[in-house]
Novice: 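Take a look at the following structure, please.
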Amino acid sequence: MNLLKKDNALSLARLRDVLIRLEDTIIFALIERAQFALNECTYQPGVYEYEDGYKGSFLGYFLHEMEKVHSRVRRYTSPDEYPFTSPLPEPILPTLDFPPILHPNNINVNKDIMDRYLQDIVPKICTPGDDLNYGSSATRDVECLQALSKRIHYGKFIAESKFQDPAQQETYIRLIKAKDREGIMELLTNRTVEAALLRRLRRKAMIYGHDITEKGDIILDDDQNGNVSSKIHADVVVDLYERFVIPLTKEVEVDYLLKRLDGWQASEDTKAE
Ligand SMILES: C=C(O[C@@H]1C=C(C(=O)O)C=C[C@H]1O)C(=O)O
């Protein structure tokens with residue numbers, strides 16, 4: 001979505017289309033990572049020496065080096081991009097004039113994303129062991145992490161869109177002032193959208209995660225020729241969204257809304273004068 005244009009940027013339907021497109025990005029990124037073994041050593045700190053005395057993991061080193069160069073080309077000045085590492089250098093490009101779509105906030109849940117990715121996701125999609133493809137697996141890890149981060153932090157745009165709905169704003173304001181996390185969570189939850197998403201996701205994972213015959217039939221794992229064609233299991237993808245991606249997106253929505261009135265009343269009073 002081009003965030004330099006404010007026109008209709010907060011249309012809920014349009015934002016949901018972005019999340020649907022990111023399903024493809026995430027599934028294919030997971031499939032690419034699943035090609036390589038777990039390569040546990042790339043996640044352990046202190047396995048290699050680094051020039052600047054860095055003591056973290058190979059993945060952490062690679063991610064920080066990537067984010068430093070992306071920061072210099074102003075990736076993290078965009079309101080839909082959030083880094084995992086710090087410190088990061090200032091951009092060499094002039095900052096773009098993004099229209100103020102989101103209420104100012106410093107919400108960044110990438111540490112939770114990293115923890116869950118390493119604990120719950122990589123062990124489920126990769127075969128155990130070490131295939132020496134450390135650079136390849138770390139490259140794919142970064143692509144998975146960046147896609148998951150974008151998707152989950154889009155919760156801020158979704159939350160702003162819901163807050164700006166005239167039919168719901170008064171209720172949100174009341175719940176925010178009462179600091180009612182559960183009430184806000186219930187109001188923003190759309191179980192119909194979530195159920196449809198999980199059905200669509202399973203279908204996508206089945207199709208993307210398997211080879212198909214020339215006729216277009218999916219070659220399942222129990223193919224009579226013994227072909228094991230699944231690149232990723234649909235259950236893993238659906239479970240990942242149900243237990244991690246959707247809940248964390250909603251936490252971002254709630255965190256964003258709880259801060260939505262910070263300084264807001266003062267600016268509303270100023271407008272009213
Ligand atoms: C993203 C939204 O907010 C919530 C989170 C969803 C998700 O993470 O997929 C889906 C529906 C809602 O419960 C939305 O309403 O589309």
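Counting starts at 1 for both ligands and their atoms, following the listed order. Below, each value reflects all heavy atoms present in this structure, side chains not excepted, and no hydrogens, waters or symmetry copies.
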Novice: Under a 4.0 Å threshold between the charged nitrogen and the carboxylate oxygen, would R174 count as salt-bridged to D180?
Specialist: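 Salt bridge flag = no for R174 with D180.
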
Novice: Please, which pairs that meet ring-ring contact (aromatic ring centres under 6.0 Å, His included) have at least one residue in residues 108-162, sequence neighbours excluded?
Specialist: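 Output for this query lists Y82-H153, Y154-F157.
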
Novice: When you compare the side chain of E32 with that of T139, does any pair of heavy atoms fall below 4.5 Å?
Specialist: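 Answer no - side chains too far apart.
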
Novice: Using side chain to side chain contact (heavy atoms under 4.5 Å, CB included), reason through K156 and E253 one step at a time and then give a plain yes or no.
Specialist: CA-CA 5 Å; K156 298 185 184 183; E253 291 186 56; over 6 Å; no

Novice: I'd like the contact residues of ligand 1, where contact means a heavy atom below 4.0 Å.
Specialist: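 If the criterion is a heavy atom under 4.0 Å, then ligand 1 touches R16, L19, R151, I158, K162, L188, T189, N190, V193, E194, L197, I246, T249, K250, E253.
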
Novice: Do D255 and R181 sit within salt-bridge range, that is, some charged N less than 4.0 Å from a carboxylate O?
Specialist: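 Looking at R181 together with D255, the answer is yes, because their closest N to O distance falls below 4.0 Å.
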
Novice: Taking NZ, NE, NH1 and NH2 as the nitrogens, is one of them in E49 or K55 under 4.0 Å from a carboxylate oxygen of the other?
Specialist: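 No.
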
